[in-house]
Participant: 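Take this structure first; my questions come after.
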Amino acid sequence: MTQIHSLVITNGYLNFHKPNDNKWMPTLLYNAIIRAYHVHNHKKVLDIFTQMLSNQISPNTHTFPPLLKSSHASVVTPIHGQALKRGILSDPFVLTTLLVVYARNSRLFCAQKVFEEVPHFCIVASNAMINAFSMNGNMEGALKLFRRMCYRDVVSWTTMVNGFVVNGEFYAAIRFFGMMMTHNDVVNCLVKLNEATYVSVLSSCANLEGKAALDFGRQVHGYIVVKGVDLGVFVGTSLINLYGKMGCLNYAVNVFRVMVVREVCTWNAMISSLASNGREKEALDLFEKMKKLQGLKPNSITFVAVLTACSRGGFIREGLKLFGSMSSEFQVVPIMEHYGCVVDLLGRAGHIQEAADIIRNMPFQPDESVLGAFLGACRIHGAIELGEEIGKKMLKLQTQQCGQYLLLSSMNAEKERWDHAADLRKEIVESGIHKVPAFSMVHLT
DNA sequence: TTAGGGTTAG
């Protein structure tokens, strides 16, 4: 990439207008380079754009989409200004990209303002705006716009279903999918469901508990089979995830077997399913197979899955070995989740000191998930002093989840250290953390 | 040459 770039520069194409050249030539070249950097090394895109301007080459409508998508949040507004200055702010491609980028940076109001500038009804911009609302937690706005649209396509419907999923409204997602299936748009074959639609609805089923969600997911699976939809990576992985979460391991294995193309995420879903259904050893075997037979490179999520398998299966040595190999062998830098797994791994087995050492040597501050795993272990194995040290740290974090503090308090109580237990409860109250009252629900049909 | 929706962990 850099070599091609240098070649173009040394040939002088990017620096001046040659008299008889097509005057758009430098713009086209810059656009091509910006697009290529956007894909391969997006941090350099702004530099190239600056260079373009300093060489007095005019950007056009094709310059802005990859430039905006590569840019840091802090430069979106100045680039917006540039587009305005260049008189290309009525272009739907530029406007839609701006809208998407503002929404991605949680600037919903700016996204809405940009959307209002789109001169005519544009299905792509409208769908992008629906997504902007959903990603910023405003499903009401998304629904209002969806209803107002003069026509909708499969992306409009799927974006709505997915919006409910990312906002945790799984029942609403399933209901909306049901509406979609009976709507004229679909019934009259104006809109054909695609992989993304199935993925969104399967994901909402997987996030629910109970037989009803499993049955619905199986119906969707049946529909996919009847319609002769190829089991692509996305749909296949979603099905494995659904069956794995629902405890139907055999179904998950069957889907995994018939899939022709499997990517890392597919293997991750299968490894996780095995790990969470009591087949930890098979999860680790599959991990070996993935590396050796398929030559695939495990990613961050793969390691969460295998470390979970080790933790649940009590494979301490294997787990520590895997954790140690992450950076050195696979260039995967451990993040909070991995530390959580290792602390859980050691803690469950009663290696409290080693778990504490891991926490002390973390390159960043542990969060409540890591400390919580440790505290749980301290409680089970009666390590009161260490538990207190970590518990105090958690109080300093001032999170609003009180479960773990109460756990610490009960630890003291169990050991009949009532004064400590009482002090801790007092500290909890003073730090403004509230206990969420437990509740149960009865579903009336 | 350009814009919109999707899978995997806890």
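All of these numbers come straight from a predicted model, not from anything done at the bench. Chain A is the first sequence line, chain B the second, and so forth, proteins listed ahead of strands; every chain is numbered from 1.
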Participant: If you take any heavy atom closer than 4.0 Å to DNA chain B, which residues from residues 66-91 of chain A end up in contact?
Facilitator: K69(A)

Participant: Out of H38(A), R35(A), H42(A), which residue meets the side-chain hydrogen bond (donor to acceptor under 3.5 Å, both in side chains) rule with S70(A)?
Facilitator: H38(A)

Participant: Let me know the distance between CZ of F93(A) and P of dT1(B), rounded to the nearest Å.
Facilitator: 13 Å

Participant: I need the residues from residues 141-169 of chain A with at least one non-hydrogen atom less than 4.0 Å from DNA chain B; give them sorted by number, or say none.
Facilitator: D153(A), V154(A), V155(A), T158(A), T159(A), N162(A)

Participant: Scan side-chain atoms only and decide if S311(A) and D344(A) contain a donor-acceptor pair under the 3.5 Å cut-off.
Facilitator: yes

Participant: Taking only distance into account, with no hydrogens and no angle test, what donor-acceptor pairs under 3.5 Å do side-chain atoms of residues 241-258 of chain A form with protein atoms, sequence neighbours excluded?
Facilitator:
from: N241(A); atom 1: OD1; to: K245(A); atom 2: NZ; distance (Å): 3.0
from: Y243(A); atom 1: OH; to: H221(A); atom 2: ND1; distance (Å): 2.7
from: Y251(A); atom 1: OH; to: R218(A); atom 2: NH2; distance (Å): 2.9
from: N254(A); atom 1: ND2; to: N250(A); atom 2: O; distance (Å): 3.4

Participant: Side chain of T97(A), base of dA3(B): donor and acceptor closer than 3.5 Å?
Facilitator: no

Participant: Base, sugar-phosphate alone, or nothing: which one does I123(A) contact when heavy atoms must sit under 4.0 Å apart?
Facilitator: base

Participant: Which nucleotide wins on minimum distance to the side chain of P65(A), given the candidates dT8(B), dT2(B), dT1(B)?
Facilitator: dT2(B)

Participant: Nearest heavy-atom pair of A142(A) and S134(A): which atoms, and what distance?
Facilitator: CB-OG, 4.1 Å

Participant: Just the rounded figure in Å: distance from P of dG6(B) to CZ of F170(A).
Facilitator: 14 Å

Participant: To the nearest angstrom, how far is L28(A) atom CG from dT1(B) atom P?
Facilitator: 9 Å

Participant: If you look at every strand shown and take non-hydrogen atoms under 4.0 Å, does C122(A) touch a base, only sugar-phosphate, or nothing?
Facilitator: base

Participant: The side chain of T197(A) lies closest to which of these nucleotides: dA9(B), dG5(B), dG6(B)?
Facilitator: dG5(B)

Participant: Given atom CE of M129(A) and atom C1' of dA3(B), what is their separation to the nearest angstrom?
Facilitator: 15 Å

Participant: Return the value, rounded to whole Å, for the distance between atom CZ of F177(A) and atom C1' of dG6(B).
Facilitator: 13 Å

Participant: Tell me which nucleotide among dA9(B), dT1(B), dG5(B) gets nearest to the side chain of R35(A).
Facilitator: dT1(B)

Participant: Please give, in whole Å, the distance from dA9(B) P to F303(A) CZ?
Facilitator: 16 Å

Participant: Do the side-chain N and O atoms of N268(A) and N299(A) include a donor-acceptor pair separated by under 3.5 angstrom?
Facilitator: yes

Participant: Just to verify, which of F364(A), F303(A), F374(A) counts as forming a ring-ring contact (aromatic ring centres under 6.0 Å, His included) with Y339(A)?
Facilitator: F364(A)

Participant: With F146(A), which of Y151(A), F164(A), W157(A) fulfils ring-ring contact (aromatic ring centres under 6.0 Å, His included)?
Facilitator: W157(A)

Participant: Compare side-chain N and O positions of N241(A) against OP1 and OP2 of dA9(B) and report whether any pair is under 4.0 Å apart.
Facilitator: yes

Participant: Is there a donor N/O on one and an acceptor N/O on the other, under 3.5 Å, for the side chain of N194(A) and the base of dG6(B)?
Facilitator: no

Participant: dA3(B), dG5(B), dA9(B): which one has an atom nearest the side-chain heavy atoms of T96(A)?
Facilitator: dA3(B)

Participant: Would you call D285(A) and K281(A) a salt bridge, using N to O less than 4.0 angstrom?
Facilitator: yes

Participant: Can you confirm whether the side chains of T50(A) and D47(A) place a donor and an acceptor under 3.5 Å from each other?
Facilitator: no

